[in-house]
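Below is one structure; the comments refer to it alone.
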Amino acid sequence: MNHIRFLTLSSKLCLCISLLVLLVDGGMSQLFYDWTVSFSHRAPLGVDKQVIVINDMFPGPVLNATTNDVVNINIRNNLTDPFLMTWNGIQMRKNSWQDGVQKTSCPILPDQNWTYSFQLKDQIGSFFYFPSLLLHKAAGGYGAIHVNNRPVIPIPFPQPYKYYDVLIGDWYNANYMDLRASLENGIFLPHPDGILINGLGPNQASFEFESGATYRLRISNVGLKTSLNFRIQDHSMLLVETEGSYLVQQYYDSLDIHVGQSYSVLVTAKNQTNGKSYYMVASSRFTSFEQFGIGIIRYPDSVRDPSWSSSRRTLPI
């Protein structure tokens with residue numbers, strides 16, 4: 001004989017409490033950020049330009065969150081234009097109205113603010129944010145996003161000693177308004193004036209390595225149109241993640257990273273360097289001539305700049 005059991009009021013209460021405990025155990029947190037978007041005059045390639053900064057930072061602050069977190073980002077627009085911020089590759093739980101693109105989000109008017117509020121879905125990895133309106137991206141305004149695993153879910157590789165964000169991208173000395181006007185008149189974007197690494201020109205971005213330690217580099221191509229080849233002199237890179245997916249791990253000497261793409265690699269520092277430092281290079285691909293963004297990896301005993309190599313044309317590595 002089948003028995004039918006009914007939940008009593010106390011049973012229902014216990015069930016609700018259990019579900020609440022599960023929700024808390026799921027690691028959901030409310031995160032709050034206050035960002036002010038404004039103009040600042042910078043000269044990454046030696047030419048003064050009006051750059052979009054966030055809290056006076058270029059690139060902007062890291063958005064660091066964990067799966068299931070609810071992120072609240074209050075953006076104050078101190079520009080003279082309407083403004084939108086989009087979260088490249090981020091999946092939002094039961095929400096398509098906070099992605100910061102025209103038609104699904106209303107622009108933030110000058111001298112106004114808006115709070116983006118969304119819950120991260122079950123994804124992990126390396127992403128970035130950038131302005132999505134009026135070609136503001138050509139003036140900066142971008143930054144890194146980290147979506148971390150919940151503690152109960154281990155990462156499929158040893159915990160690195162430290163991480164570095166590496167935001168690479170083409171850069172134009174021209175004002176974004178002039179570039180936008182050219183596009184509206186049917187004129188293609190010209191060749192960029194150079195390649196930046198973390199908002200800095202050649203030999204300006206520096207990364208400190210400790211001998212024998214393993215580092216996670218979160219690399220994103222934040223440029224407008226140029227695919228880039230990324231490599232580190234005399235260091236191999238173990239590719240472990242791309243835009244929210246862990247991968248079959250494989251070592252590479254270089255990686256092609258197209259506009260909008262993000263990768264995580266593990267790099268193990270050398271045990272002995274004999275006082276050397278090493279080039280980090282992002283070079284243009286599929287262009288009529290090659291351009292280079294150059295950073296430097298330094299060790300505690302580094303006493304001299306990297307040496308040039310003829311193994312890759314006449315430029316570094």
Side-chain angles (χ1 to χ4, degrees), residues 39-54 56-60 88 128-131 134-144 164-183 187-207 217-233 254-263 277-298 305-317:
F39 287 123
S40 177
H41 283 275
R42 308 284 174 97
L45 295 178
V47 177
D48 187 69
K49 174 176 175 172
Q50 201 173 50
V51 173
I52 294 176
V53 298
I54 301 174
D56 203 35
M57 299 169 60
F58 173 60
N88 189 52
F128 67 95
Y129 59 84
F130 65 91
L134 301 175
L135 206 64
H136 284 151
K137 189 183 181 187
Y142 50 74
Y164 284 114
D165 292 303
V166 185
L167 304 182
I168 58 178
D170 52 22
W171 187 252
Y172 294 80
N173 290 328
N175 187 282
Y176 74 93
M177 291 181 286
D178 296 332
L179 293 173
R180 187 177 74 240
S182 294
L183 288 172
I187 302 171
F188 293 125
L189 288 174
H191 288 293
D193 294 292
I195 308 297
L196 302 188
I197 297 179
N198 287 349
L200 299 170
N203 300 309
Q204 298 302 307
S206 181
F207 304 84
L217 306 186
R218 298 175 181 263
I219 313 159
S220 298
N221 186 336
V222 297
L224 290 184
K225 73 169 190 175
T226 308
S227 296
L228 299 172
N229 181 266
F230 180 84
R231 54 201 184 272
I232 300 174
Q233 183 181 19
S254 69
L255 288 170
D256 281 349
I257 305 177
H258 306 289
V259 172
Q261 291 185 331
S262 297
Y263 292 95
S277 51
Y278 298 85
Y279 282 120
M280 174 186 290
V281 179
S283 60
S284 59
R285 294 278 282 148
F286 317 117
T287 55
S288 57
F289 61 92
E290 208 167 8
Q291 294 176 298
F292 292 83
I294 302 172
I296 297 177
I297 291 177
R298 301 187 188 278
D305 287 336
S307 58
W308 295 75
S309 169
S310 60
S311 62
R312 177 124 178 165
R313 299 178 177 86
T314 59
L315 293 164
I317 58 174

What's the verdict on side-chain contact (heavy atoms from CB on, under 4.5 Å) for Leu189 and Leu224, showing C-alpha distance, side-chain angles and the deciding distance?
-> CA-CA 9 Å; Leu189 288 174; Leu224 290 184; 4.2 Å; yes
Going through the checks in order, is the side chain to side chain donor-acceptor pair (under 3.5 Å) test met by His191 and Ser288?
-> CA-CA 9 Å; His191 288 293; Ser288 57; 3.2 Å; yes
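Atom CD1 of Ile197 and atom CZ of Phe292 lie 11.5 Å apart (nearest 0.5 Å). Atom CE of residue Met280 and atom OG of residue Ser277 lie 12.0 Å apart, to the nearest 0.5 angstrom. Taking CG from Asn203 and CD1 from Ile296, the interatomic distance works out to 4.5 Å, rounded to the nearest 0.5 Å. A distance of 13.0 Å separates CD1 of Ile195 from CZ of Phe230, quoted to the nearest 0.5 Å. Expressed to the nearest 0.5 Å, how far CG of Asp256 lies from CZ of Arg285 amounts to 4.0 Å. Leu228 CG to Ile219 CD1: the interatomic distance, rounded to the nearest 0.5 Å, is 11.0 Å.
Judged by distance alone, the side chain of Lys49 and the main-chain N or O of Ser40 form no donor-acceptor pair under 3.5 Å. When atom types are taken as modelled, the side chain of Asn198 and the backbone of Leu200 share no donor-acceptor pair closer than 3.5 angstrom. Although no hydrogens or angles enter the test, the distance criterion places a donor-acceptor pair under 3.5 Å between the side chain of Gln261 and the main chain of His258. Using a distance-only test at 3.5 Å, with no hydrogens or angles considered, no donor-acceptor pair links the side chain of Lys137 to the main chain of Tyr142. The backbone N or O of Ala139 sits nowhere less than 3.5 Å from a side-chain atom of Tyr172 that would complete a donor-acceptor pair.
When all heavy atoms are compared, the tightest approach of Ile168 to Ala282 is CG2-CB, 4.0 Å. For the residue pair Asn221 and Ile257, the shortest heavy atom distance occurs at ND2-O, 2.9 Å. Scanning both residues, Tyr279 and Ile294, for their nearest heavy atoms gives CD2-CG2, 3.2 Å. Across all their heavy atoms, Phe58 and Pro44 have their closest contact at CE2-CG, 4.4 Å. The nearest pair of heavy atoms linking Pro192 to Lys225 is CD-CE, 4.3 Å. Closest of all the heavy-atom pairs between Gly201 and Leu45 is CA-CD2, 4.1 Å.
Classification of the Tyr176-His136 ring pair by plane angle, with boundaries at 30° and 60°, yields perpendicular. Relative orientation of the Tyr164 and Phe207 rings is perpendicular, given thresholds of 30° and 60° on the angle between their planes.
The neighbour count for Phe286 CZ, taken as heavy atoms of other residues, nucleotides or ligands under 6.0 Å away, is above 12.
Looking at Arg231 and Ser283, their side chains do bring a donor and an acceptor atom within 3.5 Å of each other.
Salt bridge present: Arg42 and Asp56 bring a charged side-chain N and a carboxylate O closer than 4.0 Å.
Here the side chains of Pro306 and Gln233 are in contact, with some heavy-atom distance below 4.5 Å. Looking only at side-chain heavy atoms (C-beta outward), Ile232 and Ile297 come within less than 4.5 Å of each other.
When each of Ile52, Val222, Asn88, Leu167 is paired with Phe130, the side chain to side chain contact (heavy atoms under 4.5 Å, CB included) condition holds for Asn88 and for no other.
With sequence neighbours excluded, the residues satisfying side-chain hydrogen bond (donor to acceptor under 3.5 Å, both in side chains) with Thr287 are Ser284. A search for side-chain hydrogen bond (donor to acceptor under 3.5 Å, both in side chains) contacts involving Asp165 returns His146, not counting sequence neighbours. Residues meeting the side chain to side chain contact (heavy atoms under 4.5 Å, CB included) test with Met177, sequence neighbours left out: Asn175, Arg180.
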